[in-house]
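What follows is a short report on a single structure.
When reading the values below, keep in mind they use all heavy atoms of this one structure, side chains included, and skip hydrogens, waters and symmetry mates.
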Amino acid sequence: MADTLKIALAQINTTHVGALTANADRIRAARAEAARLGADLLVTPEFSVGGYLPEDLVRKPAYVHACAEVIAALAAETADGGPGVILGGPWQDGEKLHNAAFLLEGGRIAARRAKHELPNYGVFDEKRVFDPGPAPGPIVFRGFRIGLMVCEDWWLPTVAETLCETGAEILLSINGSPFEVDKHERQRLPLAVTRVVETGLPFVFLGQVGGQDEIVFDGASFVLNPDRSLAHLMPSFGEEVRLTEWHREGERLVCAQGAVVPPPDRLGQIYAAMVLGLADYVGKNGFPGVVLGLSGGIDSALSAAVAVDALGPDRVRAVMMPSPYTSGDSLEDAAECARLLGIRYDTIGIGPAMEAFGAMLAPAFGNRPPDITEENIQSRIRGVTLMALSNKFGEMLLTTGNKSEMSTGYATIYGDMAGGYSVLKDVYKTTVFALCRWRNAHVPAGARGPAGPVMPERVITKPPSAELRPDQKDQDSLPPYEVLDAILEGLVEGEKSVDALVEEGHDRALVLRVWRLLDRAEYKRRQAPPGVKITARAFGRDRRYPITNGFTALVR
């Protein structure tokens, strides 16, 4: 019986759903690196061949068949005597379709294991498209009994217990585990320790990295030894093929100590997720770059900084669209943001369009005084202007609204909500302020933007304003953001009742007002662009409420 095993963990970006050739080539490159490192086995993430999350794409027989052909081709390549491969993809087993892990060894598919626990919460709805497999036994690879699990299988105790009872020497999980802020420290590591304690077996968590639509995968793969010590921790938000070396100590399999790379701090994690999500969304969808409105305000300044760090300054175009209500400070601040970031900066005044709409609509509006209608027209003029530039030059329109605005409906549908993607969609305004200060003081790893400040201090300190009427301030329409965001987090992330929030010290009338704003804005959120998931309750995938909704019991 062999006493040593070298496993290469491929924390790689194979999230390009449906790009089977590109994903297969990335697996081949990882296998070549694993061979160079002297590995016996290469492990790749969940659904690494087909790209994760596949959603209803797996309902297409042609897609499932094409994945099977790619897996067979990769299996044939293992006849060269190099490392075996564990990868993920769909498995059509008669009438059943599984999310599966495959062991490729000796030129063939040596073993398959179907995912037993299918998640059906948050961003996941796997029960719609996959069939569960039985609780699996271990696979045998070169004399070692590997307890192979697919993501959700290790979040519940059944599969790990079954593998332990049937002779597994190691628990190894391939994952498509989406990023949420603090998830690694709050959920993954504590739960992994629980599985190690329950089984007495070492545990390997292999995560993928990359962006797929709203979802970002942060990697942060790790290895726990039977004594619960952390033997490896791989980088967050970055690719790596890491060699882990295992040996038997008596009847136990133990991993030699390797590098432990601490994750970024909380704000660094959020910022890195936004950068990676945008970079992959733009790159994988083939956009040459992005265009955004740069108003001189804090949201557009942060969005521009993220875009530059993700894509580089030459792929970001900023447009200032002043109206008669735009302040001199905003003009100066927007220009300074563009200068600090080194991006193209255009100015297109919307005054002529405002006059044209005023004249056009005057007969229909009659003697009614100006109100929010005219304010929304300004926002929609800007949306049309930016979309015209996007159409003409092919750049994707980057939307700049934040979660506080999306929660309360403080955004103009077909106006500042227009666009193809939003990096702030799941970021509350108070976090926007904190991120701006963080970015001015830090240069993220791998950032393509400049060192040093990326926006003037006045952008952060001046009172936020949409500048759609004279002397307008956000707090004319909304509570102070530190109060608003605390209530919203309770209602959205916590699903708390009004009474519960009042008991926490919030004013009942204010909580009721915010609750009503949140409820009434659902129709707007349904028409908002996708954006990076940051929290456990992102609008769209995680939180879906009916638009026509007469339920009011929450106010009690």
Side-chain angles (χ1 to χ4, degrees), residues 7 9 11 43 45-47 52-53 86 88 99 101 113 115-124 126-127 132-133 135-136 138 146-165 168-209 215-237 242 244 252-255 258 260-264 266 269 273 493-494 533-538 542:
I7 302 175
L9 303 179
Q11 181 175 289
V43 185
E46 179 179 11
F47 234 78
Y52 197 70
L53 295 136
I86 289 174
N99 178 347
R113 290 294 182 269
K115 191 173 185 177
H116 176 67
E117 304 284 3
L118 298 181
N120 209 53
Y121 56 85
V123 304
F124 302 106
E126 289 201 3
K127 290 182 180 180
I146 299 174
L148 182 57
M149 300 183 285
V150 182
C151 203
E152 191 76 5
D153 287 345
W154 76 276
W155 285 74
L156 298 168
T158 301
V159 173
E161 180 182 350
T162 300
L163 289 167
C164 179
E165 291 175 349
E169 299 177 86
I170 179 176
L171 301 176
L172 193 159
S173 178
I174 61 173
N175 296 268
S177 181
F179 167 78
E180 294 171 11
V181 65
D182 298 328
K183 184 177 185 179
H184 178 74
E185 300 86 352
R186 178 172 44 85
Q187 291 182 306
R188 291 182 191 143
L189 275 177
L191 186 60
V193 168
T194 299
R195 295 291 165 262
V196 172
V197 170
E198 290 170 348
T199 63
L201 298 176
F203 177 81
V204 178
F205 169 93
L206 175 65
Q208 61 184 304
V209 65
I215 306 302
V216 171
F217 301 93
D218 58 320
S221 305
F222 61 90
V223 176
L224 292 179
N225 266 319
D227 64 358
R228 295 168 289 170
S229 63
L230 186 64
H232 286 267
L233 177 57
M234 295 170 68
S236 299
F237 306 102
R242 171 77 68 89
T244 65
R252 299 196 313 175
L253 200 58
V254 176
C255 183
V260 172
V261 182
R266 191 174 193 272
Q269 292 177 35
E493 277 76 25
K533 171 180 164 62
I534 299 295
T535 71
R537 293 282 283 171
D542 291 318

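Using cut-offs of 30° and 60° on the angle between ring planes, the pair Tyr52 and Phe124 is tilted. Ring-plane geometry between Phe203 and Trp154 is classed as tilted, the angle between the planes lying from 30 to 60 degrees on a 0 to 90 degree scale.
When side chains are defined from C-beta on, Gln11 counts as touching Pro235, because their heavy atoms get closer than 4.5 Å. Inter-residue side-chain proximity for Ser236 and Gln269 is flagged as unmet; no heavy-atom pair is nearer than 4.5 Å. Put simply, the side chain of Val204 does not reach to within 4.5 Å of the side chain of Thr244, judged on heavy atoms. In this structure the side chain of Met149 never reaches within 4.5 angstrom of the side chain of Glu117, judged on heavy atoms. Annotation: side chain of Leu224 is in contact with side chain of Leu230 (closest heavy-atom distance under 4.5 Å). Between Phe217 and Asn175 the shortest side-chain heavy-atom distance does not fall below 4.5 Å.
Considering Leu172, Ile146, Leu163 as possible partners of Pro138, the one that fulfils the side chain to side chain contact (heavy atoms under 4.5 Å, CB included) test is Leu163.
Nearest heavy-atom pair, Pro178 versus Val123, reported as atom, atom and distance to 0.1 Å: CG-CG2, 3.9 Å. Nearest heavy atoms, Pro190 versus Gln187: CD-O, 3.5 Å. Counting all heavy atoms, side chain and backbone alike, Gly176 lies closest to Glu46 at N-OE1, 2.7 Å. Looking at every heavy atom in both residues, Thr162 comes nearest to Pro136 through CG2-O, 3.6 Å. Nearest heavy-atom pair, Ile174 versus Ala101, reported as atom, atom and distance to 0.1 Å: CD1-CB, 3.7 Å.
The line from CD of Glu180 to CD1 of Ile534 is 10.0 Å long, rounded to the nearest 0.5 Å. The structure places CG of Leu206 at 10.5 Å from CD1 of Ile7, a figure rounded to the nearest 0.5 Å. Distance check, rounded to the nearest 0.5 Å: CG of Leu148 to CG of Asp153 gives 8.5 Å. Separation of atoms CG (Leu191) and NZ (Lys183) is listed at 11.0 Å; rounding is to 0.5 Å. In this structure, NZ in Lys127 is found 10.5 Å from OH in Tyr121, a value given to the nearest 0.5 Å. Note that CG of Leu171 is 9.5 Å distant from CZ of Arg195, once rounded to the nearest 0.5 Å.
Scored by the side-chain contact (heavy atoms from CB on, under 4.5 Å) test, Pro132 finds Leu118 as partners (sequence neighbours excluded). Applying the ring pair (Phe, Tyr, Trp, His ring centres under 6.0 Å) rule to Phe47 yields the partners Phe130; only residues at least two apart in sequence or on another chain are considered. Partners of His184 under the side chain to side chain donor-acceptor pair (under 3.5 Å) rule, at least two apart in sequence or in another chain, do not exist in this structure.
The neighbour count for Arg228 CZ, taken as heavy atoms of other residues, nucleotides or ligands under 6.0 Å away, does not exceed 12.
Between the side chains of Ser177 and Arg188, a donor-acceptor pair is found at a separation under 3.5 Å.
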### Task
Tell me, with the steps shown, if Val209 and Asp218 meet side chain to side chain contact (heavy atoms under 4.5 Å, CB included).
CA-CA 5 Å; Val209 65; Asp218 58 320; 6.0 Å; no
### Task
Test side chain to side chain contact (heavy atoms under 4.5 Å, CB included) on Arg242 and Ser221 and set out the steps.
CA-CA 10 Å; Arg242 171 77 68 89; Ser221 305; over 6 Å; no
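With hydrogens and angles disregarded, no donor-acceptor distance shorter than 3.5 Å links the side chain of Asn225 to the backbone of Asp227. His116 contributes a side-chain N or O that, together with a main-chain N or O of Gly133, makes up a donor-acceptor pair within less than 3.5 Å.
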